[in-house]
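Everything quoted here is computed from the prediction, not taken from an experiment. Below, read A as the first sequence line, B as the second, and so on, with proteins coming before strands; counting in each chain starts at 1.
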There are 2 protein chains.
Amino acid sequence: MPRPDIQTSRRRALVQAAIAEIGKRGTLDVTVGGIARRAGVSSALAHHYFGSKDHILTAAMRHILQGLRAEHLRRLRGVTGPRERLRATIAANFGGQSFRREVIAAWLAFYVSAQHDREARRLLRVYQRRLRSALLSDLRPLSGDDAPQLADTVAALIDGFYIREASRTGAADPAGLAARIDATLDTLLEACA
Amino acid sequence: MPRPDIQTSRRRALVQAAIAEIGKRGTLDVTVGGIARRAGVSSALAHHYFGSKDHILTAAMRHILQGLRAEHLRRLRGVTGPRERLRATIAANFGGQSFRREVIAAWLAFYVSAQHDREARRLLRVYQRRLRSALLSDLRPLSGDDAPQLADTVAALIDGFYIREASRTGAADPAGLAARIDATLDTLLEACA
DNA sequence: ACGTGTTGACTGACTAGTCAATCAACGCAT
DNA sequence: ATGCGTTGATTGACTAGTCAGTCAACACGT
């Protein structure tokens, strides 16, 4: 008989432990043993649930992506008009759980493994496509033919501020970064009109 | 009798092998043995010259940074006027040897290790400060008080397009990316005036 | 003979993944 | 309710392999 409550709670604990471990020890030094220890179980159990180290890390990234998506939908709720929706899309990347130190470290690790791991690359594509299409659909009514280029620019700004945050020390100001992108977008949109 | 010619040629070969190895195998799977094999020497020799794996990788990054700086100075030569200099600064990041696949992979690895390795972090800071000050000094005469924010935005765009390139497949268009940033900067500068 | 350059062989540490064996919960027949 | 069998959860011990770094010895020009 499967005990789904235990299964999901263990999986969840291991995934969160994996993210924390990436944040603390750095991608290169993450071990299955370390993740399992942090989750309070044996390394054998981690293998029992996930099969391999890669699967754990992929699951961690999937979890982060789900959180980002949830944050996006939450901020979109009740918002009307393309400009407001764009604001929400940008803000989603810098709010909630998405901009914590360890999550940013996981993103970096994600980009690294996407260079050689198929599943990681697939996941990354999903995120990029989702962001791009969200930006595009709201940029088109505002900027017409310039929408694709603007979408690329905004996406690059988001990723750029993300990666720069990874090398910072001290406290971040996520809301400020979102506001900066927003102001830049304002200027670029005015120039289009 | 020391033979500095051999020393430097070995060091150079090992550093280039390290960059190639990062590009091919991905950061996580880079080994001293692999680097040494690619350079045509034994792993013991790599340790003889660099002392440790970290030192090899740091040296590789220092080499990339030097190349970027050289490219920057080259493009600055004979250029006058802040706007032209800004164009050169941006273009330097997307031209020459700086935008090859393996170099971008090395940048990613660099950002990763900067999170926990002091020397890597120090090097990254040097690059960031250098870029920021180059941008600032040319932006100030064009945009006055908005210069700091514009500098951050341009820097984020550069890093953003870099990291997005890392997850791409197929051929890149570095000149196109530089032109895109340049056009964006044009718009932002007009709005300042 | 001397010293620099170079290596193969070795080690100690560590890791992912496996496996047989225990443990704990639940269904079910009585 | 009680005992039993089944099944999932969990682990410690183990395997097999890898890697960074060391060291004593060799090559060879001077």
Starting at atom [atom1] of [X], determine the distance to atom [atom2] of [N], rounded to an integer number of angstrom.
X	N	atom1	atom2	value
B/His48	D/dA25	NE2	C1'	15 Å
B/Ile35	D/dT18	CD1	C1'	15 Å
B/Arg37	C/dT7	CZ	C1'	14 Å
B/Lys53	D/dA20	NZ	C1'	8 Å
B/Leu28	D/dC19	CG	C1'	14 Å
A/Gln7	D/dG8	CD	C1'	8 Å
A/His47	C/dC19	NE2	C1'	13 Å
A/Phe50	C/dA16	CZ	P	15 Å

Look at the side chain of [X] and the backbone N and O of [Y], then say whether any donor-acceptor pair between them is shorter than 3.5 Å.
X	Y	answer
A/His55	A/His47	no
A/Ser167	A/Arg164	yes
B/Arg11	B/Tyr49	yes

NA contact type, [X], heavy-atom cut-off 4.0 Å: base, sugar-phosphate, or nothing?
X	answer
A/Ser42	base
A/Tyr49	sugar-phosphate
A/Ser43	nothing

Assert: residue with more 5' nearest nucleotide on DNA chain C, out of A/Asp29 and A/Gly51, is A/Asp29

Given [options], which nucleotide is nearest the side-chain atoms of [X]?
X	options	result
B/Ala44	C/dG8, D/dT10, C/dT15	C/dG8
A/Val41	D/dT11, C/dT7, D/dA20	D/dT11
B/Leu45	C/dT6, D/dA9, D/dG12	C/dT6

Test salt bridge (Lys or Arg N to Asp or Glu O under 4.0 Å) applied to B/Arg83 and B/Asp182, step by step: CA-CA 10 Å; B/Arg83 189 63 189 86; B/Asp182 226 58; 3.5 Å; yes

Results of ring-ring contact (aromatic ring centres under 6.0 Å, His included) for B/Tyr111 - residues two or more places apart only: none

